[in-house]
Amino acid sequence: MIKYFFLLCLLPIAMTGQDAVFEHDYDAMECTTVTVGKKASADGSVMTSHTDDSHRTRTDISVVPAKDHPEGTMKTLYRRRVATSQPGRMPKYEYVETGQIPEVAHTFQYFNSAYPCMNEKQLAIGESTFGGRAECHADTGLIDCSCLCMLLLERCSTARQAICTAGELLEKYGWNDGGECLTIADRTEVWHLEIVGPGKGKTGAVWVARRVPDDHVSVNANAARIEEIDLKNKDFFMASSNIFSVAEANGWYDAKKETFRFAYAYAPSSRTSVACRRREWRVFDLLAPSLKLNADSEHYPFSVKPDSAVKKEDMVRVFKDYYEGTDFDIRKTLTVAGNDGKTVISPIASPFMKIDELKLFRVNGGWSWRGERTIAVHFTIYATILQCRDWMPDEVGGLCWYALDNVASSVYVPFYGSVKDLPQTYKTCGRETGFSKESAWWAFNRLGTLAAKRWGEMHLVVDSVWNPMQAGFFEEQDRIEAEALALLKQNKRAEAIDLLTEYSSECGNAAVETAWKTGDYIWTMFDGLW
């Protein structure tokens with residue numbers, strides 16, 4: 001048991017993003033996105049979101065300004081792939097050119113993260129990989145998922161326009177990726193767009209889009225979620241012209257014998273994954289517990305009406321969740337005797353342990369790369385909660401709440417979609433620098449790694465720091481927005497944007513400084529327990 005204890009103490013450090021050795025593949029359980037209609041949210045905003053749960057993607061975010069382009073300008077496209085040369089221990093992607101397409105006359109400003117996430121027109125995008133059938137994986141197209149997000153944010157101002165533009169671009173230039181879901185929100189509505197390739201050697205894509213009802217919430221957790229479709233109902237469904245023919249040609253659907261269900265035609269294995277289904281259940285269980293959905297079900301509604309209007313605090317709670325208080329809380333496996341003699345969860349029991357891989361104990365629920373996993377995970381690079389608000393001008397209405405590393409040990413910082421710049425540490429990619437205090441990601445990654453070592457005690461310290469700061473950011477939102485709106489009413493647009501830029505930078509810098517200080521504190525506070 002002594003050697004097991006030693007391994008368990010080291011486990012959280014061994015699991016951090018910089019040390020992960022998993023290969024990226026189409027079965028990887030990498031992202032979760034939650035969507036909220038405008039009548040389902042507490043303040044009337046439309047929300048989408050994203051956790052980039054990857055061990056290879058870049059850790060930086062920056063502002064790409066709006067640009068005008070002379071007629072005849074061409075845009076070079078790139079797709080990412082696992083880097084062939086990886087000096088040091090940090091796995092990463094490299095970007096290779098796929099070709100060129102004509103540039104549009106004007107492109108909008110947007111946030112350039114690993115998956116570009118929001119533009120100045122309040123168009124917002126979340127992402128979740130679901131893989132799909134191997135026969136669909138395309139290899140000749142020019143556009144992969146990250147590239148498509150960039151093109152849509154540069155060119156579009158509404159969700160419907162983005163979906164139509166995606167269809168046009170993919171039909172002409174081709175998809176070059178596995179199955180992906182984009183959750184696309186604008187000022188008034190939010191859609192899920194699920195895409196697969198047409199197969200090797202073929203150009204194009206197969207896709208379907210479904211709108212989330214205004215009073216509902218939905219989720220994608222690495223599984224195709226759109227099943228039956230009604231293309232006559234154009235207010236809620238859109239699809240590529242080949243959606244039925246490709247499935248029929250490959251024997252995945254027989255129109256004479258069955259009802260067409262996109263998820264089962266193009267990504268059937270994703271629907272049976274515990275890692276996917278359990279997160280779907282948990283999101284609905286947290287936001288609509290009255291439904292009492294079965295945690296072991298294969299089928300959940302595409303969307304549900306929440307029990308109460310969804311607040312920003314509720315979204316944060318969802319993304320910090322690791323099944324605490326449920327039968328699937330992995331920490332229950334490791335127990336010790338408490339001061340009163342009763343059995344309690346051990347302080348070294350972390351929800352981010354990969355115990356099943358080390359075969360040390362029989363795990364209740366058990367985290368596994370291709371088995372069970374929680375919403376909050378140690379290998380998150382960054383996360384977003386994106387607000388779009390139709391009663392506000394675009395300069396103020398679009399808001400990206402941005403967190404780095406494991407959300408369970410992090411904080412969401414407000415970045416307004418109109419800001420001219422972001423703090424330098426957020427623009428510095430920690431994957432390129434290696435450990436560096438010049439990169440914001442390392443501040444949060446170090447803190448999360450340390451906190452996971454004795455989660456039972458250290459997460460209390462982390463929460464005591466982040467909870468008040470998060471509440472403060474939410475409370476300050478009304479004040480800063482009122483000031484910006486007042487400036488806009490006085491036709492002082494530049495001053496309003498300067499105000500929001502300065503405020504976003506102050507919040508970001510404060511969060512990074514606090515992450516470093518808190519990491520130092522728990523390193524020394526728990527020194528005798530390492």
Side-chain angles (χ1 to χ4, degrees), residues 1-19 59 316-317 319-322 324-325 329-340 342-355 367 374 376-380 382-383 403-413 425 430 434-473 507-530:
M1 285 301 297
I2 292 178
K3 67 177 181 180
Y4 291 159
F5 179 83
F6 177 72
L7 284 170
L8 287 169
C9 288
L10 292 181
L11 206 57
I13 293 178
M15 293 191 304
T16 55
Q18 66 269 30
D19 291 333
T59 68
V316 172
R317 179 167 61 101
F319 285 111
K320 285 182 176 286
D321 186 75
Y322 47 83
E324 184 176 4
D329 188 342
I330 190 177
R331 299 173 307 142
K332 292 181 178 179
T333 303
L334 297 179
T335 60
V336 295
N339 294 332
D340 57 1
K342 296 181 179 180
T343 300
V344 297
I345 295 174
S346 169
I348 68 168
S350 169
F352 313 114
M353 295 185 296
K354 297 190 301 242
I355 300 179
W367 189 94
T374 55
V377 286
H378 65 274
F379 49 89
T380 297
Y382 71 92
L404 283 167
D405 204 65
N406 186 347
V407 177
S409 52
S410 190
V411 64
Y412 284 92
V413 173
T425 57
F435 181 80
S436 170
K437 288 205 168 185
E438 303 304 312
S439 169
W441 181 77
W442 279 107
F444 292 94
N445 179 263
R446 183 189 72 143
L447 175 59
T449 299
L450 292 173
K453 186 174 179 183
R454 290 185 67 87
W455 185 257
E457 296 167 335
M458 293 186 183
H459 91 275
L460 300 176
V461 176
V462 174
D463 288 348
S464 72
V465 172
W466 290 142
N467 289 350
M469 178 173 280
Q470 190 72 81
F473 289 156
C507 292
N509 288 331
V512 172
E513 181 181 0
T514 301
W516 285 120
K517 289 182 177 179
T518 306
D520 290 344
Y521 176 73
I522 64 174
W523 180 269
T524 53
M525 177 182 179
F526 293 92
D527 177 62
L529 301 175
W530 296 108

For the pair W523 and R446, evaluate side-chain contact (heavy atoms from CB on, under 4.5 Å) and give the outcome as yes or no after the intermediate values. CA-CA 10 Å; W523 180 269; R446 183 189 72 143; 5.6 Å; no
Can you name the nearest heavy-atom pair linking [X] to [Y], along with the distance?
X    : Y    : answer
T335 : T343 : CB-CG2, 3.2 Å
S350 : I330 : O-CG2, 3.7 Å
D463 : A408 : OD1-O, 4.3 Å
V413 : G508 : CG1-N, 3.5 Å
Y412 : Q470 : N-OE1, 2.8 Å
A440 : V512 : CB-CG2, 3.5 Å

Is a donor on one side and an acceptor on the other found under 3.5 Å between the side chain of [X] and the backbone of [Y]?
X    : Y    : answer
K332 : G325 : no
S410 : V407 : no
W442 : G434 : yes

Please report the interatomic distance [atom1]([X]) to [atom2]([Y]), rounded to the nearest 0.5 Å.
X    : Y    : atom1 : atom2 : value
D405 : T380 : CG    : OG1   : 7.5 Å
L460 : W455 : CG    : CH2   : 9.5 Å
L447 : L404 : CG    : CG    : 11.5 Å
S464 : M469 : OG    : CE    : 11.5 Å
R454 : I522 : CZ    : CD1   : 11.5 Å
E513 : T518 : CD    : OG1   : 10.0 Å

Could you check whether any side-chain heavy atom of [X] comes within less than 4.5 Å of a side-chain heavy atom of [Y], counting everything from C-beta outward?
X    : Y    : value
M458 : M525 : no
T59  : S439 : yes
V411 : F473 : yes
D321 : T374 : no

May I ask you to decide if the ring planes of W466 and F444 are parallel, tilted or perpendicular, using 30° and 60° as cut-offs? parallel
Take atom NZ of K517 as the centre, draw a 6.0 Å sphere, and report whether it contains more than 12 heavy atoms from other residues, nucleotides or ligands. no
With sequence neighbours left out, write down each residue that passes salt bridge (charged side-chain N to carboxylate O under 4.0 Å, His left out) with E438, or none if nothing qualifies. none
